[in-house]
Every structure is written in C-alpha cells, then in structure tokens.
Amino acid sequence: MGQPYAWRLLSRVSSFRRASVILQHLRMSMHTEAAEVLLERRGCAGVITLNRPKFLNALSLNMIRQIYPQLKKWEQDPDTFLIIIKGAGGKAFCAGGDIKALSEAKKARQNLTRDLFREEYILNNAIASCQKPYVALIDGITMGGGVGLSVHGQFRVATGRSLFAMPETGIGLFPDVGGGYFLPRLQGKLGYFLALTGYRLKGRDVHRAGIATHFVDSEKLQVLEEELLALKSPSAEVVASVLESYHAKSKKDQDKSIIFEEHMDKINSCFSANTVEQIIENLRQDGSPFAIEQMKVINKMSPTSLKITLRQLMEGSSKTLQEVLTMEYRITQACMEGHDFHEGVRAVLIDKDQTPKWKPTNLKDVTDEDLNGYFKSLGSSDLKF
C-alpha cells in the first residue's frame, strides 16, 4: 500500500511542478509581449528603451501611450535630471511607425489612423518642449517615427552604425513627425533633397547634416551612457560637456569626406524650385551621374506624395513646430483616405513586389485643387496641444 501511494504522491507533485513551470513561462511570455518599451529610473536619469528588436523597434500606439505620461512625470520629478532614450537589439534605434498596422486598421474602419498620428505628434511636441535634458542615442536604423522620437530632443547622439532616412514618398506618404519643421532648416536645400528622394545618411554624416548634435564611436556608447547615469544632479550644460568630450575623442571616419558635401552645389541649385516638375527638369539639365540618379529615384515615388512633401516643407519653413504638426496631422488623415498610402504599403511591405501602381501616375495629373484637399482644416477634429 505504501509504495503505490508514494508513487501517486510523487506523480501529483511532478504534475504540480510542471503546471507551475508552464504558468511561469506563460507569465514571462505575457510580460515579454507587453514590454514593448522599458521605462526605468537609473542613477540620475529616466531611461526609455524601445524594446521591439525583432521589428527594429517600430513604434506602436501602445508604446506611445506608455512613453508620453512617463516623460511628463519625469519632467516634473525633482530627482530626475535627464532623460535618455535608446533602442534594444543593436540594429535599430527605431525604424519607424507600424505603417502596416495603420493600413490594415484603416481598411477595417478602426480609429488607429486618427489615434496614432494624434498621440505621436503630441509626444513629438512634448519631446521638443521637454524641460529636462533629453538625450537620444540614435544607434542603428533611425527612420520615420524614430526620427520623431529623437530629432526634436535637445541632444541626439549618432554612431558609426546610425542610418537616417525619411523614405515616406516611396510608400505614398510624406516625411511627417515634424519633418516639415526640421528638414527645411537643414543647410541649403539638403532637407528638400532628403525628403523627396528618401536618401540615406550613414554614420558621421548624420551629425554633419545636422540631424545629430554629437557623434560617438559605437563601442563607446555604453560607457557614455554609464557616465551620464552616474552624474550627480547634472545641468544641461554638464550633460552637453560630457557629450562634447566623447564627440571630440571619436576618431572613426573623422577624415572621411562628407558623402553629400561634393554634391551640395547641385543639391542647392536643382532643389531650389517651387514645383516638383521644375526640380526634375533642373536635374535633367544638370545631367551629371548624381543628378540623373536622383531623377530616376524621384520618378519612382508617388506623384501625390512628392507634391505634398514639397509644399509641406515650403510652408513649414516659416511655421512653428506645433503649427507644422497640426498641418501634418491634416495631411495624414487625407492620405489615409486616399489610394497611394495603402498601395505603397501593399507593394513594399505586403506583396513586396516593389512596383506600386500610383494614382495619379503623373505629376501633371495632381492638381492644385487635389493638393489643397490635403492641407484643409479638420475643424473640431484638428490636432490640439
């Protein structure tokens, strides 16, 4: 009697342990899925870690809704002296917003297309107006929504792994998240060039273009972060001094020529035009290999997106950031109702045939009246800060 009873007891204990292990794994799995962003108080700083490495830390509405209130809380906390934002995984800071989800939500008549853009732009503005030093470690891919999380902050640290681009005209959108504010304020016509072509800047060029405020060798980034966290009640000037010291010691690609510098004269002359058609004509007349390559790139983009983008930057050059974000919110809502964004997502992200069928197919068919519709007020539905 005693031995069978003992076996039954051991079997029950074993089953209980297995059940406990399974429950523990389930809890860990649920926690992992929920932790798209990590928010920690470390040393003197609040640290935001974008934690979707499998998706290159693409920004979701859930992440925005966690970051914004914590940012505001740290801004008011007397024991938090700076805010650091970074990406997990080593490949990307943030490769952009979850645009595939946006397209799917719009087709399903869900509110995501309103909520995500509205709350993302409010977060962009909060970063720009943050009263605490805000340090974005833009190590790896930084595009679209990732640019919005970094470029408006006081300090942006690029590394040899940084890759910046605003490629939205290739998916039937436009360079939003305040692109209409910061792009036309870059040197010469560089911002217009980056916006219309989606040209990629890498490494030290991200700093040289004015996107980043500092450049640090990739292998020194962890040490820099630790030194920032160890500061005692630092002011913005102290944070700037630490960043400047690391920047000064960074030697990687220091003597390498700026990738876009040799073409700046062409960029300034060709992109100094009030219409996309004239920009293309300027590139054609220039005839250099660089100009012809950019002409080919532009001709692949959505004609509607190109015209929206040029007007966005021209108008944004004299607007405040809040005014630009309000304008951009209006444009996004019109784009969600249109054809090209959903077609761009299909061609680039779903079917991946890379051959979007734009409507209209030609620049001449995108009229001023069409364009005005993208910029009109949304009345009571407009973005409010």
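All residue numbers refer to positions in the sequence shown, counting from 1.
For the pair Gln70 and Ile48, the minimum side-chain heavy-atom distance is 4.5 Å or more. Looking at heavy atoms from C-beta onward, Leu321 lies out of side-chain contact with Phe182 at the 4.5 angstrom threshold. Proximity of Met327 to Lys319: side-chain heavy atoms (C-beta onward) are separated by under 4.5 Å at one or more points. Annotation: side chain of Ile308 is in contact with side chain of Cys335 (closest heavy-atom distance under 4.5 Å). Between Leu201 and Phe260, the closest side-chain pair of non-hydrogen atoms falls below 4.5 Å. Counting only heavy atoms from C-beta outward, the side chains of Lys86 and Leu50 never approach each other to under 4.5 Å. Side chains of His247 and His207 form a contact here, defined as non-hydrogen atoms less than 4.5 Å apart. Between Asp79 and Arg41, some side-chain heavy-atom pair lies under the 4.5 Å cut-off.
Every residue was checked against the salt bridge (charged side-chain N to carboxylate O under 4.0 Å, His left out) condition with Glu40, not counting sequence neighbours, and none meets it. Partners of Arg284 by side chain to side chain donor-acceptor pair (under 3.5 Å), not counting sequence neighbours, listed by chain and number: Glu281. By the ring-ring contact (aromatic ring centres under 6.0 Å, His included) test, Phe193 is found to be paired with Tyr199, Phe271, Phe290, residues two or more places apart in sequence or in another chain being considered. Residues passing the side chain to side chain contact (heavy atoms under 4.5 Å, CB included) test with Leu71, sequence neighbours excluded: Ile83, Leu123, Ala126, Ile127, Cys130, Tyr134.
Remark: side-chain polar atoms of Arg204 are paired, donor with acceptor, to backbone N or O of Lys252 under 3.5 angstrom.
Closest heavy-atom contact between Gly178 and Val324: CA-CG1, 4.2 Å.
Here the rule is side-chain hydrogen bond (donor to acceptor under 3.5 Å, both in side chains) with Arg311, and of Asp368, Thr275, Asn372, Asn274 only Asn372 fits it.
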Going by atom type alone, with no hydrogens or angles, which donor-acceptor pairs under 3.5 Å involve a side-chain atom of residues 294-301 and a protein atom two or more places apart or on another chain?
{"unit_1": "Asn299", "atom_1": "ND2", "unit_2": "Met295", "atom_2": "O", "d": "3.1"}

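Within the structure, salt bridge (Lys or Arg N to Asp or Glu O under 4.0 Å) pairs that include any residue of residues 136-150 comprise Asp139-Arg161 (at least two apart or interchain).
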Can Asn62 and Ser60 be said to form a side chain to side chain donor-acceptor pair (under 3.5 Å), step by step? CA-CA 5 Å; Asn62 175 51; Ser60 68; 4.8 Å; no

Salt bridge (Lys or Arg N to Asp or Glu O under 4.0 Å) evaluation trace for Glu277 with Lys364: CA-CA 8 Å; Glu277 291 91 337; Lys364 63 180 175 60; over 6 Å; no

Begin from the C-alpha positions of Asn282 and Gln278 and carry the test side chain to side chain donor-acceptor pair (under 3.5 Å) through to its verdict. CA-CA 6 Å; Asn282 291 346; Gln278 188 59 53; 2.8 Å; yes

Side chain to side chain donor-acceptor pair (under 3.5 Å) between Thr355 and Asp353, worked out: CA-CA 5 Å; Thr355 54; Asp353 56 36; 3.2 Å; yes

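With no hydrogens or angles considered, no side-chain donor-acceptor pair links Asp370 and Thr304 at under 3.5 Å.
Between Tyr329 and Tyr121, the two ring planes are perpendicular [angle over 60°; tilted spans 30° to 60°].
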